[in-house]
Amino acid sequence: MNSLRAGASVIALALIAAILVIWQPWNSCDAPDEVCDFVAAVEDRDGVLGVQMSSEVMDHDALAAPDLSVDLQFVLSDQLDHAQAEVIVREMAQQIQAGAHALSLRNIDLAFVAGEPQNIPGSKTKTYPLEVSDNFSHFGGEEQAKPGLLGERASFAFRLRELGAASAANYSATAFNLEQLLALGKFAAQAKHPTDLALADRSVRYSPAKRTDIPELQLLIEAAKRGVFESASIDHSGLNLVLGNEAPAEAEKKTRLWLERHGPFGEPMPYKLASPRYEVLAEGWVGNKKPQWLIPKPVVLPDKVKSWPANQSAPLCAEGDLEIALGAPDAAAGSRYMAVYAKNISARSCALQSYPQIDFLNAAGDAQPDIELQPEPDILLERVAIPSGEAVISTLDWNAMSTSQDPDETVALVIAAAKGMKPVLAPQYDGQPTSLDILDGAQIAQSPWVQARDGWAIPGDAFKPQPPATPRP
């Protein structure tokens, strides 16, 4: 009985295929007759099952023949191999390109599809498991697409399908499972084509910026196999992981440890771990490998500034050893800058290895809430021994904020040179009120205390007597 049913099924499928070849339900042409005839001639070859075409008139000179914009979709047999597909697509694209001028086809959206089509819910459009496309436009007499490249895309897409891809389109593919995903990635890496890859349910997605990198793809697959993530992806922003609703409480900690102990890549890769509600839980770098610009380094001193001796015997600066001063604010391209200075007014050297502790006060004398002082990541926190009579600098950098929307700006700073020291009020610079556009919620990058910094005023100059301001007439 089973063999009879199997035989009947084969016969039924053969009859359906024969009817489709004769009927060709996908064939339609909404265009002038001469264009339809031309497209039919292009279509008439082995391996092409049919074509759908629509057109519309573009803006044109009323005295000239109208220019057309056409949408062409050729249905190819999914029995073609990748080499056959490349030849067919390239030759058909060449024919269309050659005839476009004579037929006033100014813009052509050209696509080649294959496989069993699927209806898009709520739309008359169908999707195919394989599609390659390009746009052929004639502007200023120049062609905007090359048939040879379209042929290469077709070959690549058919090759991905031969390897088991669920779908393939213009250097992208989906896979049914992780093993297939890895196989597709290895082919893309060997072919040296950066290829967007994903599982069919989009829970795992890989979008390489420059090249398909197998270790990166293997990290994604390893993440998926851990079973705690709703989604895992790599794109231009790095590795992004979203925990599933059923993830255990310790998943966050275990994920951080796993990523930081993972072998680093050739290029540093940032990661971000989010909750099921997409709240950021953790950020870092895979393998704890940071880019060079994030690795703290000793500050660069200005030219002609000689580094002070390390003087390891110098004690830490104490209360009364330091005098605090502010530099004048500066601005450039939406950024704001200001320096804080500390002068050693004691009779011997003393040392600092810290960031100044700062509170920002408004006109009412209240602290601005939610201001975040962030250490500049590229400057190394070092011990600096300050000779008697010399001064050090710490720099502040923030984005300009709109005081028209929130006039409650900072007018004074309360500064302690280090934790545990008594803070002092620094309301003025050069005898003028501070009045900074630092508002609630500001984020301010702060350097540690350093001897001097290239591009900034020499710290000692902040304590030199200033000439009186010239009165305005």
Hey, is the main chain of Gly441 close enough, under 3.5 Å, to the side chain of Gln368 for a donor-acceptor pair? no
Any donor-acceptor pair under 3.5 Å linking the side chain of Gln84 with the backbone of Asp81? yes
So does Ile295 get a backbone contact from the side chain of Lys297, meaning a donor-acceptor N/O pair under 3.5 Å? yes
Inspect the surroundings of CD in Gln190 and state if more than 12 heavy atoms from other residues, nucleotides or ligands are less than 6.0 Å away. no
Glu179 atom CD: more than 12 heavy-atom contacts under 6.0 Å: yes
Could you check Leu301 against Asp454 for side-chain contact (heavy atoms from CB on, under 4.5 Å), going step by step and ending with a plain yes or no? CA-CA 5 Å; Leu301 296 177; Asp454 193 27; over 6 Å; no
With salt bridge (charged side-chain N to carboxylate O under 4.0 Å, His left out) as the test, would you mind laying out the steps for Arg453 and Glu376 before giving the verdict? CA-CA 13 Å; Arg453 187 172 180 185; Glu376 280 197 51; 2.9 Å; yes
Just by modelled atom types, is the Ser133 backbone N or O under 3.5 Å from a matching donor or acceptor in the Asn170 side chain? yes
Leu217 and Leu182: which non-hydrogen atoms are nearest, and at how many Å? CD2-CA, 4.1 Å
Return the minimal non-hydrogen interatomic distance between Trp398 and Tyr337, and the atom names on each side. CZ3-C, 4.1 Å
With a cut-off of 6.0 Å (strictly less than), are more than 12 heavy atoms of other residues, nucleotides or ligands near NZ of Lys289? yes
Heavy-atom distance under 4.5 Å between the side chains of Val450 and Val392, does that happen here? no
Can you tell me if Gln73 uses its side chain to pair, donor with acceptor, with the backbone of Val113 under 3.5 Å? no
Is the side chain of Ser388 donor-acceptor paired with the backbone N or O of Ser349 at a distance under 3.5 Å, no angle test? no
Are Arg336 and Asp330 within salt-bridge range, i.e. N to O under 4.0 Å? no
Look at the side chain of Thr410 and the backbone N and O of Ala412, then say whether any donor-acceptor pair between them is shorter than 3.5 Å. no
All heavy atoms of Ala457 vs all of Ile393, minimum pair found to be O-CD1, 4.1 Å
State which residues pass ring-ring contact (aromatic ring centres under 6.0 Å, His included) with Phe112; sequence neighbours excluded, sorted by chain then number. Phe74
So CD1 of Ile415 and OH of Tyr341: to nearest 0.5 Å the spacing works out to 11.5 Å
Would Thr395 and Ser447 satisfy side chain to side chain donor-acceptor pair (under 3.5 Å), going step by step from the backbone distance to the final call? CA-CA 5 Å; Thr395 61; Ser447 81; 3.3 Å; yes
Tell me the closest heavy-atom pair linking Ala188 and Thr212, and the distance in Å. CB-OG1, 3.7 Å
If we only count heavy atoms from C-beta on, is the Gln357 to Lys419 side-chain gap below 4.5 Å? yes
Should we say atom CZ of Arg211 is surrounded by more than 12 heavy atoms from elsewhere, each under 6.0 Å from it? no
Would you mind reporting whether Tyr278 and Glu230 have side-chain heavy atoms less than 4.5 Å apart? yes
Flag the pair Asn240 / Asp235 as yes when at least one side-chain heavy-atom distance between them is below 4.5 Å, and no otherwise. yes
Hey, what do you get for CD1 (Ile358) to CD1 (Ile371), rounding to the nearest 0.5 Å? 10.0 Å
Decide yes or no on side chain to side chain donor-acceptor pair (under 3.5 Å) for Glu216 and Tyr206, but give the supporting numbers first. CA-CA 9 Å; Glu216 292 179 353; Tyr206 179 56; 2.8 Å; yes
Over 60° means perpendicular and under 30° means parallel, so tell me whether His262 and Trp258 are parallel, tilted or perpendicular. perpendicular
How far does OG1 of Thr255 sit from CG of Leu281, to the nearest 0.5 angstrom? 9.0 Å
Counting C-beta onward and ignoring hydrogens, is there a side-chain heavy-atom pair between Ile324 and Val340 closer than 4.5 Å? yes
Separation between NE2 (His82) and CG (Leu163), nearest 0.5 Å, reads 9.5 Å
For the pair Glu252 and Arg256, find out whether any cationic side-chain nitrogen is under 4.0 Å from an anionic carboxylate oxygen. yes
Would Ser203 and Ser231 count as having a side-chain donor-acceptor pair, cut-off 3.5 Å? no
Pairs satisfying disulfide bond (SG atoms under 2.5 Å apart), at least one member in residues 218-336, at least two apart: Cys317-Cys350
Under a 4.0 Å threshold between the charged nitrogen and the carboxylate oxygen, would Lys225 count as salt-bridged to Glu222? no
With side chain to side chain donor-acceptor pair (under 3.5 Å) as the test, would you mind laying out the steps for Ser69 and Asn107 before giving the verdict? CA-CA 5 Å; Ser69 174; Asn107 182 78; 3.2 Å; yes
When you look at Leu425 and Leu361, which way does the side-chain contact (heavy atoms from CB on, under 4.5 Å) test go after all the steps? CA-CA 10 Å; Leu425 182 67; Leu361 307 183; 4.1 Å; yes
Run Leu80 and Ile88 through side-chain contact (heavy atoms from CB on, under 4.5 Å) and show every step you take. CA-CA 10 Å; Leu80 296 172; Ile88 289 174; 3.9 Å; yes
So how far is it from Asn135 CG to Leu110 CG, rounded to the nearest 0.5 Å? 9.0 Å
Chi angles and distances behind the side-chain contact (heavy atoms from CB on, under 4.5 Å) call for Leu181, Val204: CA-CA 9 Å; Leu181 191 69; Val204 176; 3.9 Å; yes
With distance as the sole test, does Thr174 use its side chain to make a donor-acceptor pair with the main-chain N or O of Ser167 at under 3.5 Å? yes
Contact between Leu316 and Leu352 at the side-chain level, heavy atoms closer than 4.5 Å - yes or no? no
Testing the basics here: between Ser335 and Asn399, what is the closest heavy-atom pair and its distance to 0.1 Å? OG-OD1, 4.1 Å
Can you tell me how far CZ of Arg159 sits from NE2 of His193, rounded to the nearest 0.5 angstrom? 13.0 Å
Atom CD of residue position Glu250 - does it have more than 12 heavy atoms of other residues, nucleotides or ligands inside 6.0 Å? yes
For Arg383, which residues count as a salt bridge (charged side-chain N to carboxylate O under 4.0 Å, His left out) partner, sequence neighbours excluded? none
Least distance between heavy atoms, Ala247 atom then Val228 atom: CB-O, 3.7 Å
For Asn344 and Arg348, indicate whether the former's side chain and the latter's backbone hold a donor-acceptor pair under 3.5 Å. yes
Quick one about Asn119 and Lys126 (side-chain donor to acceptor, distance below 3.5 Å, no hydrogens or angles considered), yes or no? yes
Side-chain heavy-atom pair Asp71, Asp109 within 4.5 angstrom cut-off: yes
A cation-pi test, strictly: NZ or CZ of Arg153 under 6.0 Å from the centre of the six-membered ring of Tyr171 and no more than 45 degrees from its axis. Yes or no? no
Residues Ser313, Asn311; criterion side chain to side chain donor-acceptor pair (under 3.5 Å); working and verdict: CA-CA 5 Å; Ser313 63; Asn311 193 359; 2.8 Å; yes
With a 3.5 Å distance limit and no angle check, can you tell me whether Glu131 reaches the backbone of Pro129 through a side-chain donor-acceptor pair? no
